[in-house]
Amino acid sequence: MKVLVAYATREGHTRKIARHVTDRIYDAGNTAELLALGDAGDVDLQRFDRVILAAPIHVGHYRRALTDFASSHANSLAAMPTLFLSVSLAAAGHDAEDWKTLDRILDEFEEATGWKPDRVEQIAGAYRPSDYDIFTRFIMRRILANKDPEADLDADRDYTDWPGLESVIDDWLG
Ligand SMILES: Cc1cc2nc3c(=O)[nH]c(=O)nc-3n(C[C@H](O)[C@H](O)[C@H](O)COP(=O)(O)O)c2cc1C
């Protein structure tokens with residue numbers, strides 16, 4: 001099986017997730033191609049049996065590279081098995097309001113692009129103050145203090161459940 005893994009990222013964590021997913025697909029005996037969504041505009045999806053798209057949420061929206069790609073390839077994507085990995089800090093917690101917001105962001109994305117993935121997984125992302133500018137660090141410290149009162153607000157932290165992600169990929173590959 002040949003799988004395209006295409007991702008958008010701002011701070012790099014979704015790239016790390018996409019790489020891990022690509023390795024997992026190889027390890028299961030398949031072929032996988034890893035592409036940044038910004039470079040994937042003219043990719044021929046007919047070359048692949050399945051597609052995984054991965055993108056983070058920033059300020060309540062997915063990255064433009066994802067929405068542009070999903071809109072322009074909506075018909076081809078609808079004709080093949082697809083998995084969407086939605087990466088956020090909201091998915092690191094159990095706050096019901098946060099999860100409702102994740103559902104709403106996904107609904108708006110599907111409506112705007114015309115692409116409804118076969119399967120969607122909400123993946124917990126990372127908190128990376130070492131990469132943020134001063135303004136972003138200020139905002140993110142407040143968000144994280146609210147979400148994870150025990151967190152060290154000065155330290156980078158990876159909230160992704162890597163074994164859980166591997167199980168999702170194994171299951172989806174069938
Ligand atoms: C400026 C900024 C805004 C963010 N906005 C949200 C948000 O609205 N909802 C959320 O759940 N996570 C939010 N996050 C957390 C990111 O989704 C998380 O850090 C993710 O791992 C970033 O992925 P990336 O490294 O691939 O860019 C935000 C992070 C930053 C830095």
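Just so you know, ligand 1 is whichever comes first in the structure, and atom 1 is the first atom listed for that ligand. Note that the numbering runs from 1 along the sequence shown for the chain.
For Gly12, a nitrogen or oxygen atom sits less than 3.5 Å from a nitrogen or oxygen atom of ligand 1, counting backbone and side chain alike. Between Ala8 and ligand 1, no N or O atom pair is found at a separation short of 3.5 Å. Between Tyr127 and ligand 1, no N or O atom pair is found at a separation short of 3.5 Å. On a distance-only criterion, Met140 and ligand 1 share no N/O pair closer than 3.5 Å. In terms of polar-atom proximity, Leu89 is counted as a contact of ligand 1, with an N or O under 3.5 Å from an N or O of the ligand. For ligand 1, one of its N or O atoms has an N or O atom of Thr9 under 3.5 Å away.
Less than 4.0 angstrom separates some heavy atom of Tyr132 from each of these atoms of ligand 1: 31 (C). Applying the 4.0 Å criterion to heavy atoms of Gly125 picks out, from ligand 1, the atoms 21 (O). For ligand 1, the atoms sitting less than 4.0 Å from at least one non-hydrogen atom of Val87 are 17 (O), 21 (O), numbered in the order shown with element in parentheses. Heavy-atom contacts of Ala126 reach the following atoms of ligand 1: 18 (C), 19 (O), 21 (O) (cutoff under 4.0 Å). Within ligand 1, counting atoms from 1 as listed, the ones closer than 4.0 Å to a heavy atom of Val59 are 3 (C), 4 (C), 5 (N), 6 (C), 7 (C), 8 (O). Close approach to Ala90 involves these atoms of ligand 1, each under 4.0 Å from a residue heavy atom: 10 (C), 11 (O).
Salt bridge annotation for Asp68-Arg63: absent, with no cationic side-chain nitrogen under 4.0 angstrom from a carboxylate oxygen. For Asp131 and Arg10, the salt-bridge test fails: no basic side-chain N is under 4.0 Å from an acidic carboxylate O.
Counting heavy-atom neighbours within 6.0 Å of His20 NE2, excluding the residue itself, gives a total above 12.
The distance from atom CD1 of Ile169 to atom CG of Leu85, rounded to the nearest 0.5 Å, is 5.5 Å. Distance check, rounded to the nearest 0.5 Å: CG of Asp23 to CG of Leu34 gives 9.0 Å. Once rounded to the nearest 0.5 Å, the distance linking CE of Met1 with CZ of Phe48 reads 13.5 Å. Atoms OH and CG, on Tyr127 and Asp152 in that order, are 8.0 Å from each other to the nearest 0.5 Å. If you take CG on Leu106 and NZ on Lys116, they are separated by 7.0 Å, rounding to the nearest 0.5 Å. Between Ile105 atom CD1 and Ser86 atom OG the span is 7.5 Å, to the nearest 0.5 Å.
What sits closest to atom 8 (O) of ligand 1 on the protein, heavy atoms only, is Gly60 N, 2.9 Å. At the shortest separation from atom 17 (O) of ligand 1 among protein heavy atoms lies Ile57 O, 2.6 Å. Among protein heavy atoms, atom 30 (C) of ligand 1 sits closest to His58 CD2, 3.3 Å.
Counting heavy atoms closer than 4.0 Å to ligand 1, residue Thr136 contributes side-chain atoms (C-beta onward) but none from N, CA, C or O. Only the side chain of Pro56 comes within 4.0 Å of ligand 1, counting heavy atoms alone; its backbone N, CA, C and O stay farther away.
Note on Ile57 and Ile143: separate hydrophobic clusters, where clusters join Ile, Leu, Val, Met, Phe, Trp and Tyr whose side-chain heavy atoms are under 4.5 Å apart, directly or indirectly.
For atom 22 (C) of ligand 1, the candidate residues are Arg128, Glu11, His13; the nearest heavy-atom contact is made by Glu11.
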Side chain to side chain donor-acceptor pair (under 3.5 Å) between Asp98 and Thr101, worked out: CA-CA 5 Å; Asp98 277 1; Thr101 303; 5.3 Å; no
